[in-house]
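Start at 1 and go down the list; that is how both ligands and their atoms are numbered. We number each residue from 1, following the sequence as shown.
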Amino acid sequence: MKERRRAEEISGSIIRRLRAASGDWVSGRELGDALGMSRAAVWKHIMHLRAMGYRIEASTRLGYRLLGPEPLQIPEGICSRLIMLESIGSTNEFARQIASESQSWTVVIAEVQTAGRGRLGREWFSPPGGIWMSIILKPRVPPSEAFRCTMAASVAVCRSLRDLYALDARIKWPNDVLVNGRKICGILTEISAELDVINYVITGIGINANMSASALPEEWNATTISAELKREISRGELITRVLEEMRALLESGELYQEWAKLSDTINRRVRVQGFGDVTGLAESLEPDGALILRRDDGERVRILAGDCIHLRSAEQRRLDQRSNICTGLRG
Ligand code: BT5
C-alpha cells in the first residue's frame with residue numbers, strides 16, 4: 001500500500017513537471033535528478049503513466065513530452081471553491097472527506113481517478129481526458145428531495161451537450177446520459193443526512209470527454225464526446241456550462257418537467273433490477289425521481305432506484321428481423 005502511494009506520488013510529480021513544460025521536451029536526466037532516481041526508473045514510471053492513459057511521447061535524444069489533454073481553464077467565481085487535482089482515488093471520496101467544513105458549491109475536479117466509483121461499489125473508468133468532478137451541495141431540503149441533485153446534473157449535462165455540440169443527449173433513468181443510445185456520462189449522488197435534514201450532498205459527474213472510445217469495453221455500450229464529434233473539445237468550456245446550468249436548474253421550478261422531457265426511458269419496454277426484477281412499459285416519471293412501470297400483467301409499480309435496461313420493443317425486433325432478411329438477400 002505504502003509502495004503504491006509512493007509510486008503514485010512519483011507519477012504525479014512527473015506529470016506536473018511535463019505539464020509545466022507546456023508540450024516541450026523534458027530530458028530523462030532532468031526528471032531523474034529532480035526525483036532522485038535513475039533514468040531507467042523514470043522510464044518505468046512513464047510506462048505506468050501511459051498504461052493509465054496519459055499520452056507521453058518518448059525520444060532517446062530529447063526525453064519526454066506530454067501530448068494533450070489541454071489544461072483546464074475554468075473562470076473564477078463559477079463556484080465557491082474549486083479544487084483541481086492531478087490524480088486521486090475518487091473525487092466523490094475526496095469531497096466526502098472535506099464536506100463538513102466546506103461551503104456549498106465546492107467543486108473537486110481530477111484529471112485521473114485511480115478508484116473512480118459508480119453506484120453499488122461498481123468501478124468507474126476514469127483515464128485522462130475525461131471530466132471527473134464532484135460538487136458538494138448543502139441544500140435546505142428534506143433528504144427525500146436529494147434526488148433533485150441527480151436530476152439537475154443530468155439535465156445540465158444534456159443541455160450542455162445539446163447546446164455546445166448539437167449532440168442528441170437524453171437521460172436514461174435514473175442516472176445516465178446517453179448519446180445515440182450509448183452511455184456518455186454517469187452520475188453518482190451520495191448523501192449524508194439526519195432523519196429530516198441534509199448535512200451535505202455530493203453529486204459526482206463523470207463525462208467521457210476527450211477519450212478514445214476503443215478504451216471502453218464493448219459490453220458497456222459507452223461512447224465519448226470526441227468519438228461522437230471526431231474532434232476534441234474544450235473541457236473547461238463544458239465544465240463551466242454544466243455548472244452554470246446546474247445552478248440555475250436547482251433554483252428553478254421547472255427542474256422536474258425538464259428532466260421528464262429529456263427522458264429516453266419513457267414509453268420504452270424496460271427491465272429494472274434492484275429491489276426485485278421487473279419488466280414492463282416505462283409509463284411515467286414522478287417529481288421525486290420514481291419510475292412508474294406497467295408490468296406485463298397490467299399492474300403498475302413505483303420504483304425509486306435500480307438498474308434499468310432498455311429493451312427493444314416487439315415492433316423494433318420485427319423491423320430488425322426484416323432488415324436482416326433484406327441484408328441476407330443482398331449478401
Ligand atoms: C454511474 O454508476 O454511472 C456513476 C458514475 C459516476 C462517476 C463519477 S466521476 C466523478 C465522481 N467520482 C467518483 O468516484 N464517481 C463519480 P453506474 O450506473 O453504477 O455505472 C457503472 C458501470 O458503468 C460500470 O459497472 C461499467 O459497466 C460502466 N462504466 C464504467 N466506467 C465507464 C465509463 N467511463 N463510461 C461508461 N461506462 C462506464
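Taking 4.5 Å as the limit, some side-chain heavy atom of R117 sits within range of a side-chain heavy atom of L188.
No side-chain N or O of N210 forms a donor-acceptor pair with one of S226 less than 3.5 Å apart.
For ligand 1, the polar-atom distance check finds no N/O of W132 at less than 3.5 Å from any of the ligand's N/O atoms. For a threshold of 3.5 Å applied to N or O pairs, the pair formed by D307 and ligand 1 contains no separation below that value.
Ion pairing between a basic and an acidic side chain is recognised when a charged N comes within 4.0 Å of a carboxylate O; E228 and R182 show no such pairing.
Figure legend: R81 and W105 shown without cation-pi pairing, the cationic atom not lying both under 6.0 angstrom from the six-membered ring centre and within 45 degrees of its axis.
The closest approach between any non-hydrogen atom of S126 and ligand 1 is not below 4.0 Å.
Listed by number with element, the atoms of ligand 1 under 4.0 Å from a non-hydrogen atom of T91 are 10 (C), 11 (C), 12 (N).
With respect to atom 8 (C) of ligand 1, the closest heavy atom belonging to the protein is G206 N, 3.7 Å. Residue, atom and distance of the protein heavy atom nearest to atom 31 (N) of ligand 1 are F125 N, 2.9 Å.
Between F147 and W259, the distance separating the two ring centers is shorter than 6.0 angstrom.
Within the 4.0 Å heavy-atom criterion, neither part of E219 lies near ligand 1. Under 4.0 angstrom from ligand 1, the non-hydrogen atoms of N208 all belong to its side chain. At a 4.0 Å heavy-atom cut-off, ligand 1 touches Q113 through the side chain alone.
Interatomic distance, E245 CD to R159 CZ, rounded to the nearest 0.5 Å: 5.0 Å.
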